Asks: 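Questions regarding the structure given below will be posed in turn.
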Protein chains: 2
Amino acid sequence: MVSGNTIAEVARLIGDAARANMLAALMGGQALTAGELARHAGVSAQTTSGHLAKLTAAQLLAVEKQGRHRYFRLASSEVAQAIHALMSVAASGPKRHHPIGPRDAALRLARTCYDHMAGRLALALADSLVREGHVILADGAGIVTDAGRLFFRDFGIEVEGLRTRRPLCRTCLDWSERRPHIAGQLGAALLDKVLDRGWVARVPESRALRLTRAGESGFTATFRLPLDWKDPPLRLAP
Amino acid sequence: MVSGNTIAEVARLIGDAARANMLAALMGGQALTAGELARHAGVSAQTTSGHLAKLTAAQLLAVEKQGRHRYFRLASSEVAQAIHALMSVAASGPKRHHPIGPRDAALRLARTCYDHMAGRLALALADSLVREGHVILADGAGIVTDAGRLFFRDFGIEVEGLRTRRPLCRTCLDWSERRPHIAGQLGAALLDKVLDRGWVARVPESRALRLTRAGESGFTATFRLPLDWKDPPLRLAP
DNA sequence: CGAACAGTTCGGCCCCGGCCGAAACATCTG
DNA sequence: CAGATGTTTCGGCCGGGGCCGAACTGTTCG
């Protein structure tokens with residue numbers, strides 16, 4: 001039976017604590033196995049299996065079989081955007097006390113957000129790109145300048161090739177500092193590239209990104225980051 | 001009790017057919033009474049009252065009392081964006097057969113989408129603004145050019161005053177033609193202005209906008225619309 | 001004041017769906 | 001092959017929550 005989805009059906013699927021936890025875990029951008037998702041959700045393997053079947057049937061998740069594992073990922077960037085929008089609503093509701101543990105510190109510094117970077121590193125990069133005139137951000141939307149095209153080409157990213165329907169840059173505040181960073185196609189390409197160069201590395205079982213020694217110098221030199229970019233508050237440049 | 005919202009709680013609230021219908025009805029941007037929402041949702045007044053109490057408590061809706069009526073509206077643009085994102089996911093899932101009735105024709109031509117215009121009129125406007133060099137759209141995100149600032153100032157909109165965190169332009173496809181139109185702050189200001197000028201008028205009990213005689217000539221002259229902008233397919237300019 | 005109307009509260013029905021235990025199936029390993 | 005590990009299916013329990021009828025509050029109007 002191939003019935004269409006309604007908005008209520010989609011929201012209902014997300015509107016269960018266990019499933020929402022699974023989806024949130026997948027916002028890291030990596031494909032995860034059913035078992036990993038079960039741990040994230042805090043329910044048994046059987047229950048997880050049922051949830052994943054529903055999410056897959058509704059095409060919120062895509063699945064890839066690999067040996068005795070099944071790897072799940074978000075089915076589309078639309079799904080990621082919907083979850084992100086729900087996060088924004090949840091965060092803007094009645095204030096929730098948000099205790100920050102030690103492991104949050106790493107996440108605040110640098111992490112993945114579906115397919116691009118977030119955290120203070122991403123903010124520093126966005127600031128740098130704007131300051132150097134490579135990208136123009138207007139109210140959360142952004143475009144790449146001609147100078148920026150050259151800059152990104154030098155860096156190994158062909159901006160011309162990114163022309164699709166996905167926005168180049170999007171506001172993506174998450175539960176971190178509330179400022180826009182580079183998301184969309186360009187954000188995804190940037191993350192790809194810096195992972196490729198070994199400037200950051202994924203931390204297993206987490207959305208956190210670890211800054212490597214190569215990254216430490218690479219980011220600073222290439223993007224002319226200020227010396228204090230790791231410091232917490234980080235205001236906008238005047 | 002002031003507890004915080006989680007993403008699952010928010011999604012669960014939207015994930016009920018009756019409540020989703022109410023929220024969708026409010027995507028028109030106008031405040032509606034409890035009774036009107038009951039009719040939209042197709043449930044009794046008592047049931048509606050319960051739903052509205054929950055939505056209001058979670059700050060998805062804002063309410064204003066006026067005599068013996070209570071007017072409800074979406075509490076924030078974040079909520080509207082979340083619902084919109086869910087619509088996108090629902091639309092991109094397994095294809096739903098979408099029979100178009102005669103009343104849909106008016107909606108396809110011009111309608112409100114929360115706080116801005118949608119439909120073929122909005123697409124023609126977006127095309128015009130891009131063609132004339134007033135706005136640059138890059139992958140669904142957009143910025144206003146210097147020439148555009150002058151143009152909008154002549155039209156009675158101060159773009160400088162719109163600098164907030166909301167994007168100027170956003171992809172907003174809904175169930176109509178799948179192309180971006182002007183949303184965000186600029187889109188809201190545009191809708192305000194053309195309603196103010198009497199170029200379009202709200203159709204009661206509907207999201208549709210009626211094009212007036214003044215609008216017919218006003219839009220054509222001011223935005224240099226092509227003669228065939230009302231025609232269905234409407235491809236992108238080369 | 002009393003009738004009409006908008007909206008809410010209460011109580012009870014009922015069904016949907018999340019949960020787990022048990023067991024089956026699938027896949028890799030030794 | 002046997003055993004370990006990952007995943008699914010089945011069956012049954014049970015709680016939450018959507019629904020409406022009835023009754024109550026509050027507002028408008030004649």
Side-chain angles (χ1 to χ4, degrees), chain A residues 1 3 5-26 30-73 75 204-205, chain B residues 1 3 5-26 30-58 60-73 204-205:
Chain A
M1 178 205 66
S3 73
N5 287 336
T6 65
I7 172 180
E9 287 161 0
V10 174
R12 175 169 243 292
L13 282 171
I14 307 176
D16 170 84
R19 286 193 294 258
N21 284 336
M22 297 179 197
L23 291 166
L26 290 169
Q30 287 183 105
L32 299 176
T33 66
E36 288 170 322
L37 289 170
R39 253 167 282 133
H40 275 284
V43 292
S44 70
Q46 316 91 285
T47 304
T48 301
S49 178
H51 285 315
L52 292 174
K54 289 176 188 174
L55 291 171
T56 308
Q59 301 190 13
L60 294 189
L61 295 185
V63 60
E64 209 169 332
K65 199 170 179 176
Q66 222 173 84
R68 60 179 164 180
H69 295 280
R70 292 182 75 196
Y71 282 91
F72 293 87
R73 60 180 171 79
E205 298 284 320
Chain B
M1 178 207 64
S3 73
N5 288 338
T6 66
I7 172 180
E9 289 162 358
V10 174
R12 175 169 242 295
L13 282 172
I14 306 177
D16 170 84
R19 286 192 295 259
N21 284 336
M22 297 178 197
L23 292 167
L26 290 169
Q30 289 184 102
L32 300 177
T33 65
E36 288 171 321
L37 290 169
R39 253 166 283 136
H40 275 283
V43 293
S44 70
Q46 316 89 287
T47 303
T48 301
S49 179
H51 285 314
L52 292 174
K54 289 177 188 172
L55 291 171
T56 308
L60 293 189
L61 294 186
V63 60
E64 209 170 331
K65 200 169 177 176
Q66 224 174 81
R68 61 179 165 181
H69 295 281
R70 291 183 74 197
Y71 282 91
F72 292 87
R73 59 180 173 79
E205 299 284 321

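The analysis underlying the following values was restricted to heavy atoms, covering all of them including side chains, and did not include hydrogens, waters or symmetry mates. Owing to the predicted nature of the structure, the values given are computational and were not obtained by experimental measurement. The chains referred to below are lettered A, B, ... by the order of the sequence lines, with proteins before strands, and numbering in each begins at 1.
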Asks: At less than 4.0 Å, is any side-chain N or O atom of A/S44 found next to OP1 or OP2 of C/dC19? Yes or no.
Replies: no

Asks: At under 4.0 Å between heavy atoms, how does the protein contact nucleotides 3-13 of chain C? Give one character per nucleotide, 5' to 3', with B, S or -.
Replies: -BBSSBB----

Asks: Which whole-number value in Å describes the distance from A/M22 CE to C/dG18 P?
Replies: 10 Å

Asks: For A/G67 and for A/R19, locate the closest nucleotide of DNA chain C by heavy-atom distance; then report the residue assigned to the nucleotide nearer the 5' terminus.
Replies: A/R19

Asks: What's the CG-P distance between A/D16 and D/dG17, to the nearest Å?
Replies: 11 Å

Asks: Which residues satisfy the side-chain contact (heavy atoms from CB on, under 4.5 Å) test with A/R12, sequence neighbours excluded?
Replies: none

Asks: Please check this pair: side chain of B/R19 against backbone of B/H51, looking for a donor-acceptor N/O pair closer than 3.5 Å.
Replies: no

Asks: Please determine if a side-chain N or O atom of A/K54 lies less than 4.0 Å away from the OP1 or OP2 oxygen of C/dG18.
Replies: yes

Asks: Expressed in angstrom and rounded to an integer, what is the separation of A/L32 atom CG from D/dT7 atom C1'?
Replies: 16 Å

Asks: Please round to the nearest 0.5 Å and tell me the distance separating atom CG of A/L13 and atom CD of A/E9.
Replies: 8.0 Å

Asks: In whole Å, what is the span from the CG atom of A/L37 to the C1' atom of D/dT7?
Replies: 12 Å

Asks: Out of curiosity, B/T56 OG1 to B/F72 CZ, how far, rounded to the nearest 0.5 Å?
Replies: 4.5 Å

Asks: Please state how far atom CZ in B/R12 lies from atom C1' in D/dG16, giving the value in whole angstrom units.
Replies: 7 Å

Asks: Less than 4.5 Å apart, any side-chain heavy atom of A/I14 and any of A/L60?
Replies: yes

Asks: Tell me which pairs pass side-chain hydrogen bond (donor to acceptor under 3.5 Å, both in side chains) where either residue lies in residues 36-46 of chain B, with sequence neighbours left out.
Replies: B/T33-B/E36, B/S44-B/Q46, B/S44-B/T47

Asks: Scan B/K65 against the nucleic acid and name what it touches under 4.0 Å (heavy atoms): base, sugar-phosphate only, or nothing.
Replies: nothing

Asks: From CD1 of A/I14 over to C1' of C/dG18, roughly how many Å is that when rounded to an integer?
Replies: 17 Å

